[in-house]
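Here is the structure we will look at.
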Amino acid sequence: SVFLVMTNPYAHIIEPLDPQKPDHKFFNLKKLKDPRYDQLPFSIRVLLESAVRNCDGFLVKKEDVEKVLNWKVTQSQTVEVPFRPARVILQDFTGVPAVVDFAAMRDAVKKLQGDPERINPVCPADLVIDHSIQVDFNRKSDSLQKNQDLEFERNKERFEFLKWGSKAFQNMRIIPPGSGIVHQVNLEYLARVVFKRDGYYYPDSLVGTDSHTTMIDGLGVLGWGVGGIEAEAVMLGQPISMVLPEVIGYKLQGTPDKYITSTDIVLTVTKHLRQVGVVGKFVEFFGPGVASLSIADRATIANMCPEYGATAAFFPVDHISIHYLNQTGRDTEKLNYIEKYLKAVGMFRDYSNTSEDPQFTQVVELDLSTVVPCCSGPKRPQDKVTVSEMKQDFKMCLGAKQGFKGFQVAPERHDVQVPFQFNGAEYSLSHGSVVIAAITSCTNTSNPSVMLGAGLLAQKAVNAGLSVKPYIKTSLSPGSGVVTYYLKESGVMDFLSQLGFEVVGYGCMTCIGNSGPLPEPVVQAITQGDLVAAGVLSGNRNFEGRVHPNTRANYLASPPLVIAYAIAGTVRIDFEKEPLAVNSEGKEVFLRDIWPTRDEIQAVERQFVLPAMFKEVYEKVEKVNERWNSLEAPSDKLYTWNPNSTYIKSPPFFDGLTRELQTPNSITDAYVLLNLGDSVTTDHISPAGNIARNSPAARYLTSRGLTAREFNSYGSRRGNDAVMARGTFANIRLFNKFINKQAPSTIYLPTGETMDVFDAAEKYQQAGHPLLILAGKEYGSGSSRDWAAKGPFLLGIKAVLAESYERIHRSNLVGMGIIPLEYLPGDSAESLGLSGRERYTVIIPPQITPRMTVDIKLDTGRTFQAKMRFDTDVELTYFHHGGILNYMIRKMSEN
């Protein structure tokens with residue numbers, strides 16, 4: 001860093017933060033004496049500081065700093081700027097493949113006569129193991145222990161491999177299983193807010209291999225999700241190349257009604273911002289209403305940023321942020337320099353002072369007093385349904401045409417009842433019956449107000465004589481140990497347990513699809529009646545096929561509403577007009593009778609959510625898991641791959657990689673592997689959940705001697721490319737126009753046979769045919785899943801042709817060397833009359849420029865044009881290298 005300062009053209013603005021401590025300095029942006037600085041959105045100031053501090057004339061140039069400073073003009077010109085985040089965060093589903101890639105890259109660098117240890121994170125990287133645990137057991141006091149035992153039994157190989165990684169690579173810290181959910185641990189423990197490193201203070205910022213990384217923006221730390229491939233490059237010292245975003249100012253006014261939860265607010269904001277259209281933009285919150293939101297409330301709103309499509313959802317640091325850091329047990333010395341630094345550099349916010357309001361691209365407003373209780377569903381997070389309209393809305397969805405708001409059930413079947421027996425008693429299920437009720441996900445479990453709200457509601461429900469039917473799969477999976485601590489201390493835990501909401505684990509669980517099996521009689525009843533059964537969860541994603549294969553309708557709701565729908569046993573209820581239940585004394589109990597007010601909740605929170613709890617839980621978080629501590633892991637710098645492992649396998653991405661570049665060729669006579677519609681998610685492309693017994697992945701695992709019990713999930717198998725290639729497009733809810741129904745299959749066009757997607761791709765590859773995907777709008781929405789690009793790469797897919805792309809997925813495709821082609825405005829497969837049965841030749845000229853238009857010729861003789869979505873020069877460089885990791889290997893192999 002000393003060398004960097006000597007060559008940094010902005011070295012003249014370095015000064016000590018405290019004259020008494022001359023060794024601790026900072027870049028004082030106020031000393032730029034540039035009037036544009038005070039007009040910049042606070043989120044853009046973070047990008048500017050990073051550019052100034054890292055300005056080396058090579059990766060970050062002086063003109064990059066000027067582009068950011070000149071944001072008011074450049075925001076609308078799609079200019080490219082580099083950003084070097086301060087750190088990287090990973091979870092284990094995305095972290096395992098990242099460490100696998102690093103291990104394989106070390107091997108590749110060694111083959112090219114380079115020093116393999118140059119493949120090493122240069123910035124701090126924290127990996128939280130939170131995606132592996134499943135809800136196999138619930139409703140019993142030993143559920144937590146049994147689920148954690150099974151997690152270790154299933155994932156021992158993966159955990160040993162991660163432990164090797166934490167030893168083999170510097171700057172890599174692993175938070176063991178059982179600690180909590182990555183984003184909540186980030187908020188409560190990992191977040192620095194201001195870094196003090198190598199003698200400098202600077203703002204904390206990060207990218208993470210999980211799309212909900214944006215949660216940390218609620219604390220005033222700029223961060224967002226990227227693909228694993230991009231995160232690996234950042235860890236190796238590459239800046240992120242990004243288009244300087246527009247910033248939408250989101251003005252909050254008023255205060256929420258006493259019965260409103262933060263979940264209601266975030267679902268309202270999500271719906272609103274989807275309508276505004278914020279894809280690829282930053283959203284920055286301001287206005288007097290922000291001061292009435294706790295950091296937990298702000299973090300809930302920031303968490304669902306991917307669902308409204310923005311890149312980041314930023315709440316600048318204010319006095320409430322400092323109070324939160326104090327509440328979560330951060331030490332006083334840190335609090336002092338955080339506040340002092342942010343004030344010195346003009347990044348500390350007073351939301352009531354309008355003279356501090358920056359200039360925004362556009363301002364939109366929400367009056368918090370207008371928010372009403374709501375859920376989202378049945379298939380997308382942005383499809384808000386007010387609680388008062390839920391019954392009517394579900395009825396409408398039942399009969400509506402198959403789609404995001406339709407199940408296409410014939411009218412005469414709407415009221416079908418299917419009787420079944422469970423534990424010796426008689427029950428019946430119908431459309432809309434709740435079979436999963438999960439208090440889950442960092443979105444809500446990080447928020448004491450909604451968790452204590454759920455606890456108080458449970459207490460009042462039990463005291464009113466209410467219960468939850470025993471066949472409903474209830475679960476509580478907190479995002480950190482602190483939650484259980486304050487639920488117990490405040491006395492509400494027992495009531496949650498009595499309603500079936502026992503702690504089942506500390507991790508994502510139902511939210512990621514690790515919901516575990518439903519009771520067999522329930523599955524039989526759903527199948528027999530072809531029922532649209534419901535899951536209700538306090539999560540952030542409810543795409544089809546994600547939560548559980550047997551719940552076709554899934555609603556996102558606040559933790560207290562999850563309990564309410566569990567007690568009701570159905571989503572077909574109007575809480576205003578109908579009682580939740582009739583108790584044993586024959587009295588009707590309405591939801592309003594047991595719903596706690598904001599004041600009640602806040603009084604309990606003040607008394608029971610204390611700094612000492614956070615200190616106690618996090619002081620021992622890295623050492624407390626005995627099973628983790630006892631895991632053996634080799635200490636070699638190069639990984640010794642075990643050919644018998646079905647979890648960890650050396651990937652074929654770098655086979656045959658040479659130092660010389662290959663010139664990109666045109667794609668000639670490609671077949672279309674799949675013809676897809678709108679909103680194809682990364683869950684459709686690369687599912688994370690259970691491995692179906694009749695799938696190509698299951699056949700492969702069976703051939704390796706495994707039984708169905710040992711399959712585990714796709715997410716846990718991401719260290720094995722053979723499983724993941726077979727799991728590509730293996731989602732049972734994939735709708736392929738070639739076969740005109742939901743199934744993970746396609747037509748092998750040369751013979752017209754229908755077969756599994758992997759088998760068709762394998763036949764095409766054996767015959768030497770390149771492949772293409774046709775898709776509609778928002779291709780690749782949802783989780784930041786790099787296997788949704790790696791899988792297609794292994795299937796031989798050379799390009800995707802879509803109407804539009806989700807931000808993270810497009811950059812993942814670029815990272816793997818797959819060409820993202822976009823129809824010209826107004827064009828689509830329909831308007832061009834494409835059936836997908838044609839053969840496609842994509843003409844790639846010798847000189848490629850960002851966003852250039854290329855010709856696509858069909859074997860029918862027609863030609864049309866599409867835009868090649870390489871958005872920056874850096875992305876073109878990656879493409880010429882065959883992907884970002886190839887580029888890094890070649891770079892690291894140079895002397």
I need the single residue from Ile89, Leu206, Asn303, Leu222 that forms a side chain to side chain contact (heavy atoms under 4.5 Å, CB included) with Ile216. Which is it?
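It is Leu206; the other options fail the test.
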Closer than 4.0 angstrom, basic N to acidic O: yes or no for [X] and [Y]?
X	Y	result
Lys61	Glu66	no
Arg298	Asp217	no
Lys790	Asp101	yes
Arg810	Glu875	yes
Arg118	Asp115	no
Asp92	Arg718	no
Arg541	Glu307	yes
Glu778	Arg274	yes

Where do [X] and [Y] come nearest, in terms of heavy atoms and distance?
X	Y	value
Val283	Ala310	CG2-CB, 3.8 Å
Arg869	Val814	O-CG2, 4.2 Å
Asp56	Leu59	OD1-N, 2.9 Å
Thr209	Gly228	CG2-CA, 3.7 Å
Met172	Met235	CE-CE, 3.7 Å
Ile844	Ile819	CD1-CD1, 3.4 Å

Can you tell me how far apart [atom1] ([X]) and [atom2] ([Y]) are? Round to the nearest 0.5 Å.
X	Y	atom1	atom2	answer
Asn28	Tyr341	CG	OH	8.5 Å
Thr213	Asn186	OG1	CG	7.5 Å
Phe543	Ser781	CZ	OG	5.0 Å
Ser804	Tyr779	OG	OH	12.5 Å
Leu661	Asn886	CG	CG	9.5 Å
Glu246	Thr311	CD	OG1	11.0 Å

Look only at the side chain of [X] and the backbone of [Y], and say whether a donor-acceptor pair between them is shorter than 3.5 Å.
X	Y	value
Arg659	Leu112	yes
Arg84	Gly237	yes
Asp678	Lys777	yes
Arg192	Leu190	yes
Asp827	Tyr823	no
Thr877	Asp873	yes
Thr94	Leu90	no

Taking the side chain as every heavy atom from C-beta outward, state whether [X] and [Y] have any atom pair closer than 4.5 Å.
X	Y	answer
Arg87	Val207	no
Phe285	Ile301	yes
Asp855	Phe864	no
Pro41	Phe282	no
Thr74	Val68	no
Val234	Val226	no
Arg349	Pro358	yes
Asn812	Asp786	yes

Looking only at the side chains, is there a donor atom on one of [X] and [Y] sitting less than 3.5 Å from an acceptor on the other?
X	Y	result
Thr270	Gln382	no
Gln39	Gln359	yes
Lys891	Gln238	yes
Thr361	Gln75	yes

Decide if the gap between the ring center of [X] and the ring center of [Y] is smaller than 6.0 angstrom.
X	Y	answer
Phe314	Phe42	no
Trp787	Phe793	no
Tyr201	Phe195	no
Phe286	Phe315	no
His684	Phe729	no

Does [X] have more than 12 heavy atoms from other residues, nucleotides or ligands lying within 6.0 Å of its [atom1]?
X	atom1	result
Gln865	CD	yes
Lys196	NZ	yes
Lys25	NZ	yes
Lys111	NZ	no

Less than 6.0 angstrom from the centroid, inside 45 degrees of the normal: does Lys62 satisfy that with respect to the ring of Tyr10?
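The answer is yes, since Lys62 meets both limits relative to Tyr10.
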Cation over ring face, Arg45 and Tyr37, 6.0 Å, 45°:
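Flagged: Arg45 positioned over aromatic ring of Tyr37.
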Start with the C-alpha gap between Gln91 and Asp130, add the side-chain angles, then the distance that decides, and say whether side-chain hydrogen bond (donor to acceptor under 3.5 Å, both in side chains) holds.
CA-CA 6 Å; Gln91 35 88 337; Asp130 66 355; 5.5 Å; no
Apply the test side-chain contact (heavy atoms from CB on, under 4.5 Å) to residues Met105 and Met888: give CA-CA distance (whole Å), side-chain angles for both, the deciding distance (0.1 Å), then the verdict.
CA-CA 9 Å; Met105 287 167 84; Met888 294 308 301; 3.7 Å; yes
Where do Glu63 and Lys67 land on the salt bridge (charged side-chain N to carboxylate O under 4.0 Å, His left out) test, with the steps shown first?
CA-CA 6 Å; Glu63 50 265 39; Lys67 283 175 191 169; over 6 Å; no
For side-chain contact (heavy atoms from CB on, under 4.5 Å), just list the numbers for Leu127 and Ile175, CA-CA rounded to whole Å, side-chain angles, deciding distance to a tenth of an Å, and then say yes or no.
CA-CA 6 Å; Leu127 191 157; Ile175 307 293; over 6 Å; no
Tyr840 vs Leu774, test: side-chain contact (heavy atoms from CB on, under 4.5 Å). Steps then yes/no.
CA-CA 11 Å; Tyr840 292 68; Leu774 291 186; 3.6 Å; yes
Derivation and outcome, side-chain contact (heavy atoms from CB on, under 4.5 Å), residues Trp71 and Val247
CA-CA 10 Å; Trp71 173 84; Val247 182; 3.6 Å; yes
